[in-house]
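Right, one structure below, let's go through it.
Ligands are counted one by one from 1 in listed order, and the atoms in each one are counted from 1 as well.
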Amino acid sequence: MDCLKVPKCEGEKIRKELLKRELLDQDGKIDSEDDHLFLPLKKDVEFKLDEFDYEIVDREIEKRENKERDYKELVDVPVKMEKYLPSSYDIIGDIALVKIPEEIKEYRDQIGESILETHKNLKTVLEDKGVHDQFRTRTIEYIAGEKKTETIYKEHGVELEVDVESVYFSPRLATERYRIVEKTEKDEVVLDMFAGVGPYTVLIGKNVDVDHIYSIDLNPDAVDYLKKNVRRNNLEDLVTIYEGDAGEIAPRLTCDRIIMNLPHSSKNFVKAALSGLNKDGVLHYYEIIEEAEIENSLESLLDIIDKLGYKAELLEKRLVRTYSSTKVHMAYDILVEKK
Ligand SMILES: C[S@@+](CC[C@H](N)C(=O)[O-])C[C@H]1O[C@@H](n2cnc3c(N)ncnc32)[C@H](O)[C@@H]1O
């Protein structure tokens, strides 16, 4: 097969250029050897070699299987608008949630249709207009496909029923959730203070031989889905669900490990969390914070714990994800022990 032999450092630039000019054969896998990449070329296209100034070589190329196209290749927007096309979107079950920049709003339907076209497993594309308020629910607008907001999401072998409009849910926390599953120990009692539809609760319940899980949420819709998900995963005997304010409910419970996934206001709940803890235990504390403020905020958290009469030891500090150009989503695992 004819391939354009380009230096690796030029590879991405030339690949994009070939793609734009519809010269790249996307059925073939890009190959490499030493400092060069071999970009497969389509047959029977007019190709002006001097434009690129690279050698065309004949090379054995592997076929790509299940080739997934980028939706951007289908959208027909003026070149100057291409930079506004969303570079990613969330997929929850068979629903895609996409944030559309203001500059490219008029192409919203085309973006939706192209996303559907390139993902055969998707049924619906919705516009994600951001998470708000205490329940952290999203403002959603329908763009393309089936008109629905409910779906089944699969993560690490468990199924969760989710309504992407009336409850909070993010597939972006999958790695973080599994990290907590791996930290959780046999026979522990776990408190999921802000449980939502129950991803932490269900993943821990299904993967660790814990003694019990208490799961709280204030949003009645989230609690409905939490109940469904506990039932769907046969965890009714292991999980007790509370609808209400974790600040009031947590102090009535006793546990060994607490998940505090309310990253904009976890600090307001530290006292309630600690009063629900056995003599010692682990807090999985989340916050969304200006990157420059991480150390100050962590120090103030450890100070709060100290003033409440507990010794605190930071076990792990992890960047969960970048939240905005200046903010990050952090996770702190803190071992606390009553003084
Ligand atoms: C960021 S979401 C996390 C949900 C879930 N842990 C997850 O990972 O998908 C925070 C959740 O806390 C709930 N919430 C907010 N304030 C609360 C409170 N005072 N007590 C209990 N739950 C609360 C919201 O309804 C929301 O479902």
- Message: Using a 4.0 Å heavy-atom cut-off, which part of Ser265 comes near ligand 1: side chain, backbone, both, or neither?
- Response: neither
- Identity of the nearest option to atom 26 (C) of ligand 1, non-hydrogen atoms only, from Asn219, Leu160, Asp217: Asp217
- Sub-4.5 Å side-chain heavy-atom contact between Lys129 and Ile140: no
- Message: Looking at Lys154, I'd like to know if its NZ atom is crowded, meaning that more than 12 non-hydrogen atoms belonging to other residues, nucleotides or ligands lie closer than 6.0 Å.
- Response: no
- Asp245 N/O under 3.5 Å from ligand 1 N/O: yes
- Compute the ring centroids of His264 and Tyr323, then answer whether they are less than 6.0 Å apart. yes
- Please work out whether any backbone atom (N, CA, C, O) or any side-chain heavy atom from C-beta onward of Leu218 is under 4.0 Å from ligand 1, and answer side chain, backbone, both or neither. both
- Message: What I'd like to find out is whether the side chain of Leu302 reaches to under 4.5 Å of the side chain of Glu299, using heavy atoms alone.
- Response: no
- Query: Within a strict 4.5 Å, meaning less than it, do heavy atoms of the Phe38 and Ser32 side chains meet?
  - Reply: no
- Query: What protein heavy atom is closest to atom 15 (C) of ligand 1, reported as residue, atom name and distance in Å?
  - Reply: Gln134 O, 3.2 Å
- Note on the structure: Tightest non-hydrogen contact, residues Thr124 and Glu146, listed as OG1-O, 2.8 Å
- Message: For the CD atom on Glu62, are there more than 12 heavy atoms of other groups (residues, nucleotides or ligands in this structure) within a distance under 6.0 Å?
- Response: no
- Note on the structure: The atoms of ligand 1 lying under 4.0 Å from a heavy atom of Met193, numbered in the order shown, are 21 (C)
- Message: Please list, in number order, the atoms of ligand 1 under 4.0 Å from a heavy atom of Leu262.
- Response: 10 (C), 12 (O), 15 (C), 16 (N)
- Task: Tell me, yes or no, whether the heavy-atom count around Lys105 atom NZ, taken from other residues, nucleotides or ligands under 6.0 Å, exceeds 12.
- Result: yes
- Heavy-atom contacts with Phe135 under 4.0 Å: which atoms of ligand 1 show up? List them by number with element. 24 (C), 25 (O), 26 (C)
- Identify which of Pro199, Ser215, Ser170, Ala174 has a heavy atom lying nearest to atom 9 (O) of ligand 1. Pro199
- Task: Report yes or no: does His264 have a heavy atom closer than 4.0 Å to ligand 1?
- Result: no
- Atom NZ of Lys271: over 12 foreign heavy atoms under 6.0 Å: no
- Item | Electrostatic pair Asp35:Lys8 at N-O distance under 4.0 angstrom | no
- Task: Please say whether more than 12 non-hydrogen atoms of neighbouring residues, nucleotides or ligands are located less than 6.0 Å from NZ in Lys147.
- Result: no
- Note the single closest protein heavy atom to atom 12 (O) of ligand 1, along with its residue, its atom name and the distance in Å. Phe194 CB, 3.2 Å
- Item | Atoms in ligand 1 flagged as close to Gly244, the criterion being non-hydrogen separation under 4.0 Å | 20 (N), 21 (C)
- Which of the numbered atoms in ligand 1 are below 4.0 angstrom from a heavy atom of Phe269? 19 (N)
- Query: Can you find an N or O of Phe169 that's nearer than 3.5 Å to an N or O of ligand 1?
  - Reply: no
- Message: Return the closest protein heavy atom for atom 2 (S) of ligand 1 as residue, atom name and distance.
- Response: Tyr168 CD2, 3.4 Å
- Message: Closer than 4.0 Å to some heavy atom of Tyr200 - which atoms of ligand 1 meet that?
- Response: 6 (N), 8 (O)
- Message: Quick test: of every protein heavy atom, which one is nearest to atom 1 (C) of ligand 1, and how far off is it to 0.1 Å?
- Response: Asn261 O, 3.5 Å
- Message: Using a plain distance cutoff, I'd like to know if Ala246 has any nitrogen or oxygen under 3.5 Å from a nitrogen or oxygen of ligand 1.
- Response: yes
- Which one holds for Arg177 and ligand 1: side chain close, backbone close, both close, or neither close, with close meaning a heavy atom under 4.0 Å? side chain
- Aromatic centroids of Tyr168 and Phe194 separated by under 6.0 Å: no
